[in-house]
Each structure stands twice: as C-alpha cells, then as structure tokens.
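First up is the structure itself, then whatever we jot down about it.
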There are 2 protein chains.
Amino acid sequence: MKNHTDQRIPYRTVYRLSLYARALQRLLERGAETVSSQTLALASGVKADQVRKDLTQIGHFGRPGLGYPITSLLGHLHDVLGTTRLRPVILVGAGRLGRALMAYPGFNKEGFELVAAFDCDPKQYSAHSGKNGSVPVYPIQNLSKVVARHNARLGIVAVPAESAQSVVNQLIEAGIRGILNFSPVLLQVPEGITVNNVNLALELEQLHYFTEDSAHSAKTSHAKSRKAIKHR
Amino acid sequence: MKNHTDQRIPYRTVYRLSLYARALQRLLERGAETVSSQTLALASGVKADQVRKDLTQIGHFGRPGLGYPITSLLGHLHDVLGTTRLRPVILVGAGRLGRALMAYPGFNKEGFELVAAFDCDPKQYSAHSGKNGSVPVYPIQNLSKVVARHNARLGIVAVPAESAQSVVNQLIEAGIRGILNFSPVLLQVPEGITVNNVNLALELEQLHYFTEDSAHSAKTSHAKSRKAIKHR
DNA sequence: GAAAAATCGTGTCATATTTCACATAGTAGG
DNA sequence: CCTACTATGTGAAATATGACACGATTTTTC
Ligand SMILES: NC(=O)c1ccc[n+]([C@@H]2O[C@H](COP(=O)([O-])OP(=O)(O)OC[C@H]3O[C@@H](n4cnc5c(N)ncnc54)[C@H](O)[C@@H]3O)[C@@H](O)[C@H]2O)c1
Ligand SMILES: NC(=O)c1ccc[n+]([C@@H]2O[C@H](COP(=O)([O-])OP(=O)(O)OC[C@H]3O[C@@H](n4cnc5c(N)ncnc54)[C@H](O)[C@@H]3O)[C@@H](O)[C@H]2O)c1
C-alpha cells in the first residue's frame, strides 16, 4: 500500500501532477474556489479516477460532496513538485534553438528562470550581460562560476550533436544534476544524474507511424515518458 | 501471441525502433556489417532482451551466433516505420521557435522534410517562396491548398497558446492527421487524429522533481510517452 | 434533522510492459 | 564431423500502470 509518506512518486504521476497544477492555475484565474476530480480531469486530459488516485498519493485533500479546495491543493502541489519559488536553469548553446528558448517568456510563468546561457563562440556572447531582462550569454569557460553563483541544478543542452557529450561532462562537473537535452545523441551520465531527451525526429517518426492509413489507433499523448536506462 | 502479422506495435516499441534505426545508421557508417542485440542495445540505451523482443515483433531476422545483418535490418525498420522516403511536414507559426525549426537541417537527415510554413502575420511571409532551399512562409489562408499540393499528413504547431486550438482545427480541416504541438495547451481533436505534445515546462518540472536532494532515482529517459486520452 | 445528491478514497481487477531464464540454432575451428 | 562458443527467440514470471466499482462522507435541500 502506497501512501503519501512514501517519497516514491512514479514518473507518469509526477507528469500528471504538473498538468493538474497548470489546470488549477487556470481555474483559479477564472475565480473558482473548489474543483471536483471530474472537472480537474476534464481540464487536464485524464480520467477522474486517475486524478483522485494521484492526489491521494501526495496526501489527502478533497471533501466528499464538494471537491478539492483549489488554492490549498495548488500550494500542496507546488510543495511536492518543489516549484514554490523560481528555479534557476542554465542553457548551453546560444544558437538558433538556444536563442528561441532565451526569448521564451513561458519559463517564468511555469516556475523556472533561465538565468544564464553559455557558448563557445565569442560572436554569441552578449555585451550587456543580463541587463534589461534579457538572458546573458557567457563564455563556456565561466560555466562553473556562474552555475555556482546561481546555485543552478538544471541545465538545457542545445549544442550540436558532436559537442553534446563534452558539454554534458562539463555541466556535471559544474554541479548540474538534471539535463534537458535537445541534441539527438545518447548521453552517457553517471549514476545520480537525470537526463530528459527531446528528440523531434523521434516524435515525428512516431506520429507518422500512428497516422498511417491502416487504422492503428488515435490518441492524444503527452510527450513524456520514461524509458529507464541502466548506466554502469 | 503477437507476431509480425499483427499490425499493432505499441507506442514504446515504435519509439525504440526509431532509436535502433538511428543507432544502426551510425554503426553502418563505421563499417560494421552485423550487430548483436547486445551491441545494438548498448548503442541505443536499452537492454538486449528488449531489443530482441522488439525485433521479433516486426519479423524475425538475427542469426544465432552472429547477430543481425545491419543493412537488411535497417531496411526492414524503415519499411515498418514508413520512413523509406522523405515525408512532408508543414509548420504553423513562424515566430522564434518556428524559425529555429525552419533552419534546422536535422529533419532531412531523419527522413522528414519541412516543406512549408504558415503565419497570420504578413511580416513573416517570405518573399522568395521556397527558393534557395529555405522553407517558404505562406499566409495561413493558403493552408489547405499547400497541404494538398504536398500531400502532407504531419503538422507542427508553434503558435501562441491562445491561437493553438484554432490553428489545429484548420490543420485537421486541411487534411493533417498527426500534430506535433509546442504550445502549452490541451488540444481537442476528433477520433483519428494523433497529437504529440512537447511541453518544456513539464519536462523541466519533472527533471526538477527527480533531481531533488532526496535520492529518488536517477535514470536517463526519453522524452516520450503516451498518456492516452479519450475524446468524445 | 432526515433524505437525496454529489463526490471522495481505495481495494480489486485488467492490461501493458519489462525482465528473467533457458532451450535452440548457427558459427568457427580443428 | 564434432566440439565449444555465441547469440537468438520466446514462454513465463514480475512490475508497472490504468480502469472499475463501491462504500463512506459531506453538502444541499426541504
Ligand atoms: N534548431 C532546431 O530547431 C532544433 C530542433 C531539434 C533539435 N535541435 C538540436 O539542438 C541543437 C542545437 O541546434 P541549433 O539549431 O540551435 O544549432 P546552432 O548551430 O544554431 O547552435 C549551436 C550553438 O552551440 C554552440 N556550441 C557549439 N559547440 C559548443 C560547445 N562545445 N560549448 C558551448 N557552445 C557550443 C555554437 O557556437 C552555436 O552557437 C543541435 O544538437 C540540434 O540537433 C535543434
Ligand atoms: N520560444 C520557445 O523557445 C518556446 C519553447 C516552448 C514552447 N513554446 C511555445 O511555442 C509557441 C510559439 O512560441 P514562439 O516563441 O515562437 O512565439 P512567437 O510569438 O515568437 O511566434 C508565434 C508566431 O505565430 C504566429 N501566429 C499567431 N497566431 C497565429 C495564427 N492564428 N495562425 C498562424 N500564425 C499565427 C505569430 O504571427 C508568430 O509569428 C508558443 O505556444 C510557445 O508557448 C515556445
């Protein structure tokens, strides 16, 4: 029997908890005060049963006949997810993709702050380091220093495939623990480091397969999943 | 008992098949001719047993004592995945993210071709439609026409959240069957349409959770997964 | 304050996916 | 041709995840 004293929350569940938090935010903005598992389910694209199961895993809440108090639940979710305050994130690779990410305001809204970017190409360094709200771009040599200063744990990798492993090694060296990787390579990391890969080609290939004429199935799916890989 | 006559290949498996194809490509370039499940597993970040299971699902191959013939296996994978030739993909939203995608050469290498982009903002239209290898940007009004001309089935959505649903409706109307969605909203689609969501904030949130001090676990995972959602 | 309606919490069941284990088949060498 | 070695294919067990059902609890209404 799993209860909320277990620190183990499975991948999929964490993912859904994020969805719930997002949905709750919207509901809150619309002035709602409580929400039923049914409504929350609809708003986040899962089933009501699943919502209740997930929520009981992080500690009870709902009141039968009424639902869940939104503010309180949202607070609890943020506690569990650790998103009570802005979390610093750094980026390596200020190329086309990197710059799009740097200009993206969505991170702040979702609890993350892109505090610094790094590149090995002097042409990419930003003269005005961090002024006027834009993300400063530093030489890669400054990585450790800046990461330490911001106490960052998460890093985004947007460098060409051939540089990715080297960059990742430096990130780990600098104290980064979680890596969001856009380069299409399999990264080797030691025990204790988490890597999430975003590989658009794979997404497209899968989409393509499931939209072939032969009716396989049709689902809405969330790009997220956890193929656990052992490292040695 | 499942065999290769079943057209049903599960999500996860299709994803891994893509990984294998990629790994095989690399091995081929290095001059290898056959590969063992063990080696292929290592190269694509899964376990050897899993590789064999997956491969038997698409029809037998390997020779005991020797392994799998790379060329032949790769060909078969492309057959199954439907990536024997370049597949056309269209993009809506030529903003920061959209332009990064348009400039990305990786798609072609992976079997996809970004044939056209669309925007509602005249400032984004490209004067030189499709000349010199760059992706042409058309007014969104031309969507149906261009999609039909290229016979495109897959579309990428990179418009602001508030426009996303509307754009998706138009895409479906135009004949698009699979959608890769970058906007952070839950899209409503009818039966028969597949949506893959790429939500960076969710990725970060999950990364963050699994890198908290309390040692939960540490895995390398592939951003991919399938939360099935019922639509009515 | 009692009955009806709404909604939660959770045990149980069903399904999907992965891991294990091993018999089986093919290769290589002498 | 026979032996030793390697690597596959696959049933069965183990996990993980999601679906379902239903009793319990609280609100709402009269
Ligand atoms: N552009 C896209 O839309 C897109 C889509 C999917 C995946 N990707 C992947 O994302 C990565 C980046 O793509 P991009 O289009 O932004 O490429 P890019 O070439 O535009 O940018 C890469 C940047 O990384 C910098 N860089 C290279 N080596 C470095 C190092 N060792 N340390 C620090 N910085 C270094 C370069 O100076 C450059 O500024 C690639 O791996 C690509 O495959 C890109
Ligand atoms: N920029 C990023 O790094 C990033 C990261 C994650 C997610 N996203 C998401 O991707 C989407 C696009 O982000 P962006 O930064 O490129 O935004 P952007 O504002 O730079 O670009 C959006 C583009 O979409 C066009 N557009 C708006 N409504 C349209 C419509 N109805 N039809 C056709 N075109 C329309 C706009 O003209 C604009 O060119 C957003 O939903 C964002 O949340 C972006």
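All chains are named by letter (A, B, ...) in the order of the sequence lines, taking the proteins before the strands, and each is independently numbered beginning at 1. The basis for the numbers below is simple: all heavy atoms, side chains too, and nothing from hydrogens, waters or symmetry mates.
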request  = Tell me whether the OP1 or OP2 atom of D/dT17 has a side-chain N or O from A/Gln50 closer than 4.0 Å.
outcome  = no

ask   = Under 4.0 Å: is that the gap between some side-chain N or O of A/Arg16 and OP1 or OP2 of D/dT17?
value = no

ask   = Can you name the side-chain hydrogen bond (donor to acceptor under 3.5 Å, both in side chains) partners of B/Thr71, sequence neighbours left out?
value = none

query = What's the NZ-P distance between A/Lys47 and D/dA21, to the nearest Å?
reply = 11 Å

message = Please report the interatomic distance CG(A/Leu19) to CG(B/Leu186), rounded to the nearest 0.5 Å.
response = 8.0 Å

Counting only pairs under 3.5 Å, give me each side-chain donor-acceptor contact of residues 158-165 of chain B, with atom names and distances, residues two or more places apart or in other chains.
unit_1: B/Gln165; atom_1: OE1; unit_2: B/Gln188; atom_2: N; d: 2.9
unit_1: B/Gln165; atom_1: NE2; unit_2: B/Asn169; atom_2: OD1; d: 2.9
unit_1: B/Gln165; atom_1: NE2; unit_2: B/Gln188; atom_2: O; d: 3.0

ask   = How does protein reach along nucleotides 4-10 of chain D, written 5' to 3' as B (base within reach of a heavy atom under 4.0 Å), S (only sugar-phosphate), or - (no contact)?
value = --BBBBS

task = For A/Arg96, check side-chain hydrogen bond (donor to acceptor under 3.5 Å, both in side chains) against everything at least two apart and list the hits.
result = none

ask   = Roughly, in whole Å, what's the span from OH in B/Tyr15 to C1' in C/dA16?
value = 19 Å

Could you list the donor-acceptor pairs under 3.5 angstrom formed by side chains in residues 20-37 of chain A, with sequence neighbours left out?
unit_1: A/Tyr20; atom_1: OH; unit_2: A/Asp54; atom_2: OD2; d: 2.7
unit_1: A/Arg22; atom_1: NE; unit_2: A/Ser18; atom_2: O; d: 3.4
unit_1: A/Arg22; atom_1: NH1; unit_2: A/Glu110; atom_2: OE1; d: 2.6
unit_1: A/Arg22; atom_1: NH1; unit_2: A/Glu110; atom_2: OE2; d: 3.3
unit_1: A/Arg22; atom_1: NH2; unit_2: B/Glu205; atom_2: OE1; d: 3.1
unit_1: A/Arg22; atom_1: NH2; unit_2: B/Glu205; atom_2: OE2; d: 3.1
unit_1: A/Arg26; atom_1: NH2; unit_2: A/Ala43; atom_2: O; d: 3.1
unit_1: A/Ser36; atom_1: OG; unit_2: A/Gln38; atom_2: N; d: 3.4
unit_1: A/Ser36; atom_1: OG; unit_2: A/Thr39; atom_2: N; d: 3.1
unit_1: A/Ser36; atom_1: OG; unit_2: A/Thr39; atom_2: OG1; d: 2.9
unit_1: A/Ser37; atom_1: OG; unit_2: A/Arg52; atom_2: NH1; d: 3.0

Between C/dA16 (P) and B/Asp54 (CG): distance, integer Å = 16 Å

Anything under 3.5 Å between a donor and an acceptor, one on a side chain of residues 78-93 of chain B, the other on a protein residue two or more places apart or in another chain? List them.
unit_1: B/Arg87; atom_1: NE; unit_2: A/His208; atom_2: NE2; d: 3.2
unit_1: B/Arg87; atom_1: NE; unit_2: B/Gly82; atom_2: O; d: 3.1
unit_1: B/Arg87; atom_1: NH2; unit_2: B/Gly82; atom_2: O; d: 3.2

